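Shown next, in structure tokens, is the structure this report addresses.
All values reported here derive from a predicted model rather than from experimental measurement.
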Amino acid sequence: MAGKRLFQDLDSDQENKSEKRIKSVLPSLASPISSVFGALISENTLRSVLEPVIRKVVRQEVEYGISKRFRLSRSSSFRIEAPEATTPTLKLIFRKNLMTPIFTGSKISDVDNNPLEIILVDDSNKPVNLNRPIKLDIVALHGDFPSGDKWTSDEFESNIIKERDGKRPLLAGEVSVTVRNGVATIGEIVFTDNSSWIRSRKFRIGAKVAKGSSGQGVVVCEAMTEAIVVRDHRGELYKKHHPPMLEDEVWRLEKIGKDGAFHKKLSSRHINTVQDFLKLSVVDVDELRQILGPGMSDRKWEVTFKHARECILGNKLYISRGPNFFMILNPICEVMKALIDGHVLSSQESLNQPYVKNLVRDAYSKGNFLEVGERTANEAALLTQGDDLDQQYAASHYQNIEIDKSYQQNGYVQERSTNNLEIVNEGYITTPAEFNICFTGSSSQNHINPF
């Protein structure tokens with residue numbers, strides 16, 4: 001019994017100690033519990049504040065996603081779809097090269113001075129006509145791109161040039177066009193800045209399919225022009241003319257700069273126009289080369305002379321006559337036909353005889369030419385015929401110059417002599433009977449003979 005009571009006392013003491021320990025711990029737990037409950041209350045408050053904001057953001061994102069999906073579905077009408085049963089690779093190309101030189105602010109056209117055209121073709125460059133329009137973006141590219149014949153779309157995109165800081169868009173005008181029936185025409189487009197500030201100092205004009213205008217099924221390769229230099233507009237005042245005109249100042253020719261050494265040398269010898277330059281090149285090319293001096297190398301001369309020969313001569317003809325000769329010349333002293341001592345010369349070989357050249361040189365030095373107006377197509381054909389014309393008449397059998405009544409009031413004809421200049425303002429003048437041809441006179445009352 002004593003042992004049993006001893007265990008009961010021990011249990012009682014243990015319970016009392018545990019109760020005291022619990023009571024001592026409860027105060028220490030009160031602070032963390034209150035903190036937890038306070039945090040829960042703060043979290044509820046934060047949730048009530050943030051929930052409307054989060055809901056608004058989620059709603060906006062959902063609406064944006066739906067509208068984007070809707071726009072993509074609408075743009076399917078602009079997608080390029082490959083023909084049934086075949087999916088060829090298509091490409092864009094510019095139909096013709098560009099007309100140069102190109103200046104800022106000046107309309108860009110093709111080599112024939114027509115608006116630029118872009119055509120859609122297949123791998124064999126055969127035109128392709130899709131049943132849906134294709135929208136194109138017109139961009140400026142680096143002139144040294146591409147390095148080869150092929151490129152990727154990413155490479156094309158990375159070589160697009162943007163305007164310099166503070167400048168207008170590099171290309172202005174129709175920078176977005178549409179391919180219809182396989183062709184897109186760029187009505188008007190200009191560069192707003194020169195090409196001197198980029199690494200290659202040249203631009204290309206490129207064309208690519210606009211975003212949203214192509215879909216799956218076919219890949220359309222971009223188009224680009226040849227590399228070109230774009231100069232400031234003020235340089236247009238000094239640009240060369242292609243082709244040059246007879247009345248153009250001589251510095252319009254290639255390799256002859258305005259107020260440069262060659263220009264001054266030519267001006268000092270009264271060679272002021274392209275016509276003056278060409279006449280002396282025909283009469284005495286060695287003298288012309290001597291005037292230009294050693295600074296005009298053979299290579300430069302070839303460029304200048306080739307450019308000058310592009311000049312459009314027109315239909316005007318001139319005559320020079322003497323006691324035993326009668327010559328018809330074009331505006332740059334080239335003999336078209338001659339009658340010498342009763343013999344008609346019209347072949348190139350016969351006209352290049354030293355005697356004929358001396359007659360031309362003498363007439364050039366004396367200014368002994370008569371403008372006879374414009375030749376007709378039939379007259380031009382007669383001038384190019386061979387030496388098979390009837391030569392039964394002597395050189396002295398010239399027909400009279402017939403003057404219209406209106407000319408008798410306003411014009412004049414000086415007395416004929418080898419050294420005198422004859423001018424006909426109205427009416428017509430007839431050639432020797434051997435030529436079997438007559439030219440209509442000029443209608444100008446105050447015509448100045450260019451020779």
Side-chain angles (χ1 to χ4, degrees), residues 101 237-322 325-338 340 345-372 383-384 418-419 421 447-451:
L237 299 175
Y238 302 96
K239 77 174 182 178
K240 310 301 182 181
H241 291 171
H242 290 271
M245 305 299 289
L246 287 172
E247 62 273 14
D248 279 346
E249 294 180 272
V250 71
W251 58 261
R252 294 287 186 182
L253 295 177
E254 297 288 350
K255 305 301 180 182
I256 301 179
K258 185 177 182 181
D259 298 326
F262 295 142
H263 184 203
K264 291 178 179 178
K265 289 179 179 180
L266 292 169
S267 297
S268 68
R269 300 294 293 271
H270 307 290
I271 302 173
N272 300 312
T273 66
V274 174
Q275 186 178 22
D276 296 336
F277 182 93
L278 286 171
K279 284 192 299 180
L280 188 54
S281 72
V282 171
V283 173
D284 194 340
V285 67
D286 292 334
E287 182 182 352
L288 179 58
R289 292 294 303 270
Q290 187 176 1
I291 293 172
L292 292 169
M296 176 65 76
S297 64
D298 291 342
R299 187 173 181 179
K300 288 182 178 179
W301 167 257
E302 289 176 2
V303 174
T304 303
F305 185 67
K306 181 181 178 181
H307 185 205
R309 292 298 300 187
E310 294 175 1
C311 185
I312 300 174
L313 302 181
N315 293 325
K316 289 184 178 180
L317 293 172
Y318 303 84
I319 66 169
S320 177
R321 70 177 77 214
F325 71 91
F326 186 102
M327 294 188 301
I328 298 177
L329 304 96
N330 67 11
I332 60 173
C333 290
E334 291 177 329
V335 180
M336 308 299 293
K337 188 158 288 192
I340 301 175
L345 307 179
S346 59
S347 67
Q348 193 64 37
E349 182 178 357
S350 61
L351 293 176
N352 284 331
Q353 294 178 11
Y355 178 72
V356 177
K357 288 186 175 181
N358 287 333
L359 288 176
V360 173
R361 187 178 293 109
D362 183 65
Y364 171 80
S365 63
K366 296 177 180 178
N368 184 29
F369 291 95
L370 167 66
E371 181 178 351
V372 294
L383 285 173
T384 58
T418 302
N419 296 325
L421 173 67
H447 182 79
I448 299 177
N449 181 29
F451 290 95

Looking only at non-hydrogen atoms, find the nearest pair between [X] and [Y] and report the distance.
X      : Y      : value
Glu310 : Pro243 : O-CB, 3.3 Å
Pro331 : Tyr318 : CA-CE1, 3.6 Å
Leu278 : Cys311 : CD1-CB, 4.0 Å

Fill in: Neighbour count above 12 (heavy atom, 6.0 Å) for Gln290 CD
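Open: at most 12 neighbouring heavy atoms sit under 6.0 Å from CD of Gln290.
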Discussion item. Can you confirm whether more than 12 heavy atoms, excluding those of Lys357, are under 6.0 Å from its NZ atom?
Written reply: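 Atom NZ in Lys357 is not crowded, with 12 or fewer foreign heavy atoms closer than 6.0 Å.
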If you define the side chain from C-beta out and look only at heavy atoms, does anything of [X] sit under 4.5 Å from [Y]?
X      : Y      : result
Thr273 : Leu246 : no
Trp251 : Asp259 : no
Ile271 : Leu288 : yes
Tyr364 : Asp284 : no
Val360 : Met327 : yes
Val303 : Lys300 : no
Asp248 : Phe277 : no
Leu317 : Leu329 : no

Discussion item. Test side chain to side chain contact (heavy atoms under 4.5 Å, CB included) on His242 and His307; report intermediate values, then the result.
Written reply: CA-CA 8 Å; His242 290 271; His307 185 205; 3.5 Å; yes
[X] side chain to [Y] backbone, donor-acceptor under 3.5 Å:
X      : Y      : value
Lys240 : Ile256 : yes
Lys265 : Leu292 : yes
Ser267 : Lys264 : no

Worksheet item: Charged N to carboxylate O below 4.0 Å: is that the case for Glu334 and Arg309?
Response: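 Yes, this pair counts.
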Discussion item. Evaluate Ile340 against Val356 for side chain to side chain contact (heavy atoms under 4.5 Å, CB included), listing each step before the verdict.
Written reply: CA-CA 9 Å; Ile340 301 175; Val356 177; 3.7 Å; yes
Worksheet item: Which is it for Val274 and Met245 under the side chain to side chain contact (heavy atoms under 4.5 Å, CB included) test, yes or no, and what are the steps along the way?
Response: CA-CA 7 Å; Val274 174; Met245 305 299 289; over 6 Å; no
Worksheet item: Should His270 and Leu280 be marked as a side chain to side chain contact (heavy atoms under 4.5 Å, CB included) after you check the CA-CA gap, both sets of side-chain angles, and the distance that decides it?
Response: CA-CA 11 Å; His270 307 290; Leu280 188 54; over 6 Å; no
